[in-house]
Amino acid sequence: MNTGLQLYNTLSRKKELFQPLNAPNVGMYVCGPTVYSDVHLGNCRTFISFDLIFRYLKYLGYKVRYVRNITDAGHLEGDRDEGDDKFAKRAKLEQLEPMEIVQKYTLGFHEVLRMFNTQPPSIEPTATGHIIEQIEMIKVIIANGYGYEVDGNVYFDVEKYSKEYNYTILTNRNLEDMLNNTRELGGQDEKRGRLDFALWIKAKPETLMQWQSPWGMGFPGWHIECSAMSAKYLGAEFDIHGGGMDLAATHHTNEIAQSEACSHKQPARYWMHTNMLTVNGTRMSKSAGNGFLPLELFTGDHPLLKKGYSPMTVKFFMLQAHYRSTLDFSNDALDASEKGFRRLMAAIGLLDKLPVSEQNDFDIDALKEKCIAAMNDDFNSPILVAELFEAVRIINTVYDSKGKISADALEKLKQLINDFVFDILGLKDEDAGGNDLNGVLEMVINLRTEAKANKDYATSDRIRIGLQELGIQLKDGKEGTTWSKA
């Protein structure tokens with residue numbers, strides 16, 4: 001099954017033809033959120049990007065099993081197995097049980113993604129629901145000689161692993177440089193090597209989330225959950241593994257090591273990573289004070305924002321940048337996306353009002369091929385959006401009686417819009433009021449028509465101007481008056 005899809009593989013650092021292990025089936029694993037706080041925009045960009053990938057793979061005819069985990073245990077503040085457990089710390093701060101924290105922020109995460117109109121994954125496993133699988137995987141890693149236990153803690157032996165496998169295969173970093181840039185082990189450190197990481201962590205008596213294991217009471221390290229769950233639901237080898245680029249150096253590097261130490265197989269054929277967010281050219285972060293949450297972006301309740309932007313405007317803005325490029329937030333950029341999104345939706349709203357002709361001036365088949373070519377080029381959504389504005393031009397040209405379209409071409413155009421705008425990009429018209437709005441406008445248009453028939457042009461003009469101020473454009477024609485969003 002060759003669809004012509006090319007995607008960029010972080011593993012090889014180049015674009016490759018997508019060839020699934022078992023077409024038409026595709027297995028895709030994406031690292032989900034750590035649900036101890038509100039989901040941030042960087043996470044949202046990643047999940048919107050992989051929603052686009054999920055949607056397009058299905059459009060191409062693949063049967064996709066999309067697995068996205070929920071990290072609800074085992075994530076310490078530091079990537080080097082140090083600091084407090086994020087869930088325990090937040091639970092103490094909010095005076096709640098850790099699983100209340102998990103529930104609260106998981107629901108919030110799902111609500112934000114619902115507002116962005118993303119599709120749910122096929123499976124959404126949790127770390128706490130797969131403790132047994134993680135313990136069993138750790139046991140195999142130890143048995144294979146790549147893990148060791150010290151006083152209830154289990155660590156991964158990076159030096160031993162590196163003698164047989166390429167530990168830095170994903171990032172192409174120099175192992176010696178990594179060692180030199182990692183602090184020396186203190187006298188009390190139990191690890192054999194500076195790059196070793198925890199597979200299982202011994203619980204303190206006061207630890208709120210802990211489980212029984214062969215090494216005593218404790219909880220899993222952060223990295224092991226994804227290796228265990230991807231193997232459980234997708235197998236030791238699968239097609240695509242994704243996440244933010246910030247995960248590549250540590251989390252994904254350690255995932256590969258764990259999986260190979262367990263099964264002696266590279267887990268994913270294609271590794272895909274989304275790029276970071278910036279605000280006015282500066283990297284977005286809490287410490288810089290320039291980070292805002294999705295709901296702050298929607299309401300405009302943030303010092304850096306002059307107003308709020310709708311979820312679809314924000315999603316459209318994100319899709320106008322390639323998932324591997326840096327995305328810079330600014331009021332001007334969001335304003336431009338808002339105008340572009342409204343223009344797109346306004347044109348789509350005219351589709352059912354276009355007159356058909358025996359003559360046809362537009363090649364819709366060629367336009368569709370360009371849309372497919374854009375998406376086949378590593379899911380190039382900004383090029384796709386540019387092609388869709390050619391569809392906008394066609395719609396407006398026909399509506400303004402400056403071009404003609406046949407019934408067959410119009411049906412193809414409607415299908416193209418449905419496929420690429422709604423099914424693949426996952427956009428929706430937030431302003432569509434359905435039959436209620438249509439009914440109100442038809443009544444107002446009828447009142448204006450009566451006013452014109454009675455030569456009450458002042459009232460007719462007041463209605464037209466009033467609707468125009470509300471963003472509704474009227475157009476008088478031979479077959480009556482029609483409306484569209486300005």
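Using the six-membered ring where Trp is involved, F329 and F292 have ring planes that are perpendicular, over 60° apart on the 30 and 60° scheme. F298 and F116 have perpendicular rings, their planes meeting at more than 60° on a 0 to 90° scale where under 30° would count as parallel. Note: F238 and H241 have tilted aromatic rings, judged against thresholds of 30 and 60 degrees for the angle between ring planes.
For the pair E149 (side chain) and G152 (backbone), a donor-acceptor distance under 3.5 Å is present. A donor-acceptor pair is defined here as one N or O able to donate and one able to accept, closer than 3.5 Å; such a pair exists between the side chain of T253 and the backbone of A248. When atom types are taken as modelled, the side chain of R13 and the backbone of L170 share a donor-acceptor pair closer than 3.5 angstrom.
Applying the side chain to side chain contact (heavy atoms under 4.5 Å, CB included) rule to R393 yields the partners F362, E390, T397; only residues at least two apart in sequence or on another chain are considered. With sequence neighbours excluded, the residues satisfying side-chain hydrogen bond (donor to acceptor under 3.5 Å, both in side chains) with K306 are D335. Remark: D51 pairs with R55 by the side-chain hydrogen bond (donor to acceptor under 3.5 Å, both in side chains) rule, at least two apart or across chains.
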>> For L113 and V39: C-alpha separation, side-chain torsions, deciding distance, then whether side-chain contact (heavy atoms from CB on, under 4.5 Å) applies.
In response: CA-CA 10 Å; L113 289 196; V39 63; over 6 Å; no
>> Let's go through S310 and T313 carefully: what are the C-alpha distance in whole Å and the side-chain angles of both, what is the deciding distance for side chain to side chain donor-acceptor pair (under 3.5 Å) to 0.1 Å, and is it a yes or a no?
In response: CA-CA 5 Å; S310 74; T313 295; 2.9 Å; yes
> Going through the checks in order, is the ring-ring contact (aromatic ring centres under 6.0 Å, His included) test met by F197 and Y155?
Replying inline: CA-CA 5 Å; F197 56 91; Y155 299 104; 9.2 Å; no
>> Would F109 and F47 count as a ring-ring contact (aromatic ring centres under 6.0 Å, His included) here? Give the steps.
In response: CA-CA 11 Å; F109 165 66; F47 303 135; 5.4 Å; yes
>> Show, in sequence, the C-alpha distance, side-chain angles and deciding distance for H223 and H252, and conclude whether the ring-ring contact (aromatic ring centres under 6.0 Å, His included) test is met.
In response: CA-CA 8 Å; H223 313 299; H252 289 167; 9.7 Å; no
>> Q258 vs N254, test: side chain to side chain donor-acceptor pair (under 3.5 Å). Steps then yes/no.
In response: CA-CA 6 Å; Q258 292 167 156; N254 290 344; over 6 Å; no
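Scanning both residues, A73 and T128, for their nearest heavy atoms gives CB-CG2, 3.6 Å. Taking all atoms of both residues into account, the shortest heavy-atom contact from I240 to A268 is C-CB, 4.4 Å. The shortest heavy-atom contact between S259 and S227 is OG-OG, 3.4 Å.
Atom CG of L52 is separated from atom OG1 of T118 by 12.0 Å, given to the nearest 0.5 angstrom. To the nearest 0.5 angstrom, E296 atom CD is 8.5 Å from D38 atom CG. Interatomic distance, I224 CD1 to C262 SG, rounded to the nearest 0.5 Å: 7.5 Å. Summarising the geometry, atom CZ belonging to F379 is positioned 10.5 Å from atom CG belonging to D377; distances are rounded to the nearest 0.5 Å. Residue L327 holds its CG atom at 6.5 Å from CE of M318, rounded to the nearest 0.5 Å. Rounded to the nearest 0.5 Å, atoms CG (L416) and SG (C371) are 4.5 Å apart.
Cation-pi geometry between R324 and Y8 is met: under 6.0 angstrom from the ring centre, within 45 degrees of the axis. Taking the ring axis of F54 as reference, the NZ or CZ atom of K58 stays within 45° of it and closer than 6.0 Å to the ring centre.
A salt bridge does not link R269 to E16: none of the charged nitrogens lies less than 4.0 Å from a carboxylate oxygen.
For Y270 and F18, the distance between ring centers is under 6.0 angstrom. Ring centroid separation for the pair Y59 and F420 comes in under the 6.0 Å cut-off.
Just one residue in the list N280, T278, T282 forms a side-chain hydrogen bond (donor to acceptor under 3.5 Å, both in side chains) with D328, and that residue is T278.
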